[in-house]
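Contents: one structure, followed by commentary.
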Amino acid sequence: MIRTSLQSRSKLASAIKFGLIASVSTTAFTVSNSASAQDESADVERISVTGSRIQRQDMETASPVTVIDAGAIRAEGYTSVDEILQAQPAMAGMAAGSTTNNGSDGVAQVDLRGMGASRTLVLLNGRRMVNSGSGADSAVDLNTIPVAMIARVEILKDGASAVYGSDAIAGVVNIITKKDFEGFQLDVNGGATDKSDGENVEISALYGFNTDTGNYTFGAAYSDRGGVMQGDRDWVEPGASSFVPGGSLGGKVKEGDEWVDRTEGYDYTKDSWLQTPNTRYSLFANATQELSDDIVFTGDLLYTKRKSKQMMAPQPASVMLDVCETGQTGNCIEYTQAMKDGGITPDDNGQLEYRRRMTDAGNRIYEQDTDTLRVSGGLAGTLDVHTGIDWDVAYTYGSNKATTWVHNSINATKMEQSMYDNTEEWFSGDPLSDAIINDVSYLETTDGGNDQHILSGVISGEAFDLDAGAVAYAIGAEYRHESGFYTPDEVIQNGDGTAAQQDPTDGSYSVFSVYQEVSVPFTEKLTGEFALRFDDYSTFGNASTWKVGLTYVATDDLMLRTVAATGFRAPNVSELYGGNVGSYDYLNDPWGNEQDPQILVNYTSDENLKAETSESYTAGLVYSPSYVDGMSVTLDYWRFKIKDAISRLDVQAGLDSCYAGDTTACETFGITPDGDLTNLTNPLTNVGYQDTSGIDFNLAYNFEGLGLDWKINNDLTYLLEFEQDGVDYTGTIGGMFGGYAEVKNNFSIQAGQGDWSVMYSNRYIGEMTDINYGDKVESVLYHNISGMYHFSDSISATLGIKNLTDEEPVMVASGNTAGTVPEVYDTIGRQIYGGVSFKF
């Protein structure tokens, strides 16, 4: 049974709770009586707060927490969890999402503080979510969690490894699902751009009922997201690839019987998505059942099937062809007079490069079919109502299976042989025959998956009383087993594809953990929070982490808070057991043996990797002025430092050092003293670091005026520093790592009365500098409007417009797609959305 207790609460305590809940980028949600004066004594239910396993009577913790509830999600027209999260100012970097067309395999992730998706822990109802994607994945695919099932999202913005273990270096995202629901609810939401593309629809149903001793809630959701083509936006400049239909030899193209200079490149933008299509089917359930006066069963289930696609221009294929020497026959090409007249000259190895855009085969279509299942169940109860000792045991199982395809892939080995066998047809400049296309093209098929088993138990309660209150504690243990695999197509494994060779990945590890938390009220004003955790891994060994937090109620209006903590991230399956992967990197060979700027590098994993370690520190205040009823201000300084980060070395620096005579560099990178790069290798090692700091500010103000209820919210993150592996990324942007704007700000104002409300919000991304070219990248301000109307207690509707002024994305010279960075800027344009909710 859930215990309740009496608590004396000041106006500041109520305001703190309001301030924490209101710390979001929008204020469209409802916080009932959060900032109003309350009775000095009231029965308050003990609750769980993200960042602690101690059951509390309020949300007054030392850690900064942002909460976004279902009302805010609906008002802003969000259709995916990653869209909700990446709109927050605390996010940075370049998390994969709906606008990542190249290399994402359809996944959606979160990147808190820009520290990397694998350094933000994602929980579902306070318990871990299985990593998911295309196989042996290092982070959670947020597509597996339907928006329809979300009651609220809590973002803990300090390190939490001492509470949750690995991966919580940057913080925690805890997604709380709808439960304790009674009745039936049907929601239909949809939208599209004002250019009649990018259509999306979500249909969800929720049904719940109560029994004498429990509640059962069931839900189903279907969502479909349409694509947006790069060529359908007038701000996208045409591409000009040197890989052209008809092919080129030595940089020349065939016209009639002559080889001539190429006058224009191939426009690949017309065949590439800006927003990728995605279809999802989800089933979910929550159950709460009292088994006796002292034991309660809780359980939740989630199943999601994702079918997604990405599309890119036809495969650019390159083959180095041997030129026949005098009298030579077989696998070589004749060096004709026409080639000489056209200025085509073999290289020092007697070879000519042939390039062709394989339009004859068709566009590269990437397709994924993923299934993710998560089942979690637990028993909770009270050992002794007199001593107040509670217990909780739980088991969680997660499984993710994926099959991915790449249509119209090219077998480079077969292509080379076909060119020797059918030279005239390949060199004609005309379309290739069906026989040749069927010979050299293939359907690339890959399988992968992840599995997770977690068994945990915790006891909690109040140890003893001090003058200022009870000392609360939680002591627990956990066993977790993680496994993953990824099996590339045999053509890729054999090194015969146009993509680099890759080996399979398969491995697992387990970890046993024990932890404890204590909350100590030193005085009526000063409370300490302490956590200690020990994790023992089957791979690298063990790790110990701690956390110390303090809250000080300075006055009835002001609370000060601070947290110092250590953290860690254990190497994941792909980092430990990942198969060797070839990568064609842009490098300069100081020996001059390799003329091509793209040199093959063998990326390797390492079973002997150690865990990353971190230190985090936050210090701030919560201020609720007694002279302004309904206002709350939070201000927090934060800093995170990671050492021994799992990273790859600088290959170019290794080449240069080896060339200068450093034998250690030669051995590390697999280079011979005379510069043979055949076995050039870049291993994963614990050599990286991150150091980032900044300031978060939030203002929330609820008031009545002009006969209306008003809600104003402003959420600001100011980045002071982001340095990684010797490079300062502060205030920069680039296509390889995303954006680290110094200033990001969300503002919203809502007015309503009775059955209706309207809201205006904006999102500001400050100016940055292109890290590769030094160009100034202008700031951008997105405007949004929405309205909601309740026709009755059973029917309500929402209508809104995102990017009202149709702001175009800022151009970035070193961008990764369409001349910009879609993971940072809105590339879709103005979108109109609406929805209807029926409750019975």
Side-chain angles (χ1 to χ4, degrees), residues 241-262 265-266 268 312-364 406-444 489-501 582 584 594-600 678:
S241 171
S242 60
F243 290 84
V244 296
S248 66
L249 185 67
K252 309 288 184 175
V253 296
K254 192 73 172 293
E255 289 187 3
D257 295 329
E258 297 181 347
W259 292 95
V260 299
D261 290 329
R262 185 178 63 247
Y266 174 78
Y268 48 81
M312 298 180 67
Q315 181 71 56
S318 173
V319 175
M320 298 302 297
L321 299 171
D322 292 324
V323 175
C324 295
E325 298 180 358
T326 303
Q328 181 181 357
T329 59
N331 288 345
C332 61
I333 61 170
E334 181 184 356
Y335 185 42
T336 65
Q337 187 61 45
M339 295 178 188
K340 297 176 183 177
D341 294 341
I344 299 175
T345 305
D347 63 17
D348 294 341
N349 296 321
Q351 293 181 316
L352 290 172
E353 182 184 21
Y354 179 85
R355 293 185 173 189
R356 189 182 187 103
R357 179 70 61 170
M358 296 298 292
T359 52
D360 314 80
N363 293 339
R364 284 169 291 169
V406 183
H407 299 264
N408 305 318
S409 293
I410 303 299
N411 186 312
T413 301
K414 288 188 175 182
M415 177 179 171
E416 180 179 355
Q417 187 60 51
S418 176
M419 294 194 67
Y420 289 132
D421 296 340
N422 306 278
T423 304
E424 291 187 5
E425 185 170 349
W426 282 94
F427 285 1
S428 68
D430 297 327
L432 299 170
S433 67
D434 290 343
I436 288 181
I437 292 302
N438 292 336
D439 177 43
V440 303
S441 63
Y442 72 103
L443 175 63
E444 182 182 329
D489 191 284
E490 287 187 6
V491 174
I492 300 299
Q493 291 189 47
N494 295 333
D496 294 326
T498 51
Q501 188 272 343
Y584 289 94
E594 298 285 344
Q595 301 300 319
D596 194 318
Q598 286 187 276
I599 300 176
L600 179 62
T678 304

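A 4.5 Å side-chain heavy-atom check between Arg355 and Ser242 finds at least one atom pair inside the cut-off. For the pair Asp360/Pro431, a side-chain contact is recorded, criterion being any heavy-atom separation below 4.5 Å from C-beta on. Residues Leu432 and Glu425 meet the side-chain proximity criterion, which asks for heavy atoms closer than 4.5 Å. Looking at heavy atoms from C-beta onward, Ile333 lies out of side-chain contact with Asp322 at the 4.5 angstrom threshold. Taking the side chain as every heavy atom from C-beta outward, Asn349 and Met320 never approach each other to under 4.5 Å. Pro314 has its side chain within reach of Tyr266: a pair of non-hydrogen atoms, C-beta onward, lies under 4.5 Å apart. Residues Lys254 and Asp430 are not in side-chain contact: their nearest non-hydrogen atoms beyond the backbone lie 4.5 Å or more apart. Under the 4.5 Å side-chain criterion, counting only non-hydrogen atoms from C-beta, Met358 is not in contact with Asn408.
With values rounded to the nearest 0.5 angstrom, Thr423 atom OG1 is found 7.5 Å from Leu321 atom CG. Atom CD1 of Ile410 sits about 6.5 Å away from atom CD of Gln315, to the nearest 0.5 Å. Summarising the geometry, atom CE belonging to Met415 is positioned 12.0 Å from atom CG belonging to Asn422; distances are rounded to the nearest 0.5 Å. To the nearest 0.5 Å, the span separating OG on Ser241 from CZ on Arg357 amounts to 4.0 Å. How far NZ of Lys414 is from OH of Tyr442: 10.0 Å, rounded to the nearest 0.5 Å. Once rounded to the nearest 0.5 Å, the distance linking CD1 of Ile344 with OG of Ser248 reads 9.0 Å.
Shown here for Asp261 and Val253, the closest heavy-atom pair between the two residues is O-CG2, 4.1 Å. Summarising the geometry of Leu600 relative to Gly582, their closest heavy-atom pair is CD1-CA, 3.9 Å, with the distance given to 0.1 Å. Among all heavy-atom pairs drawn from Ser418 and Trp426, the shortest one is OG-NE1, 3.0 Å. Considering every non-hydrogen atom in both Ile492 and Gly497, the closest pair reads CD1-CA, 4.2 Å.
Not a single donor-acceptor pair under 3.5 Å links the side chain of Tyr354 to the backbone N or O of Met419. No donor-acceptor pair under 3.5 Å is formed between the side chain of Arg262 and the backbone N or O of Lys252.
Pairs of residues two or more places apart, or lying in two chains, that qualify as side chain to side chain donor-acceptor pair (under 3.5 Å) and include a residue from residues 330-339 are Asn331-Gln417, Gln337-Asp341.
You'll find the ring centres of Phe243 and Tyr268 outside the 6.0 Å limit.
In the displayed structure, Gln328 atom CD is contacted under 6.0 Å by more than 12 heavy atoms of other residues, nucleotides or ligands.
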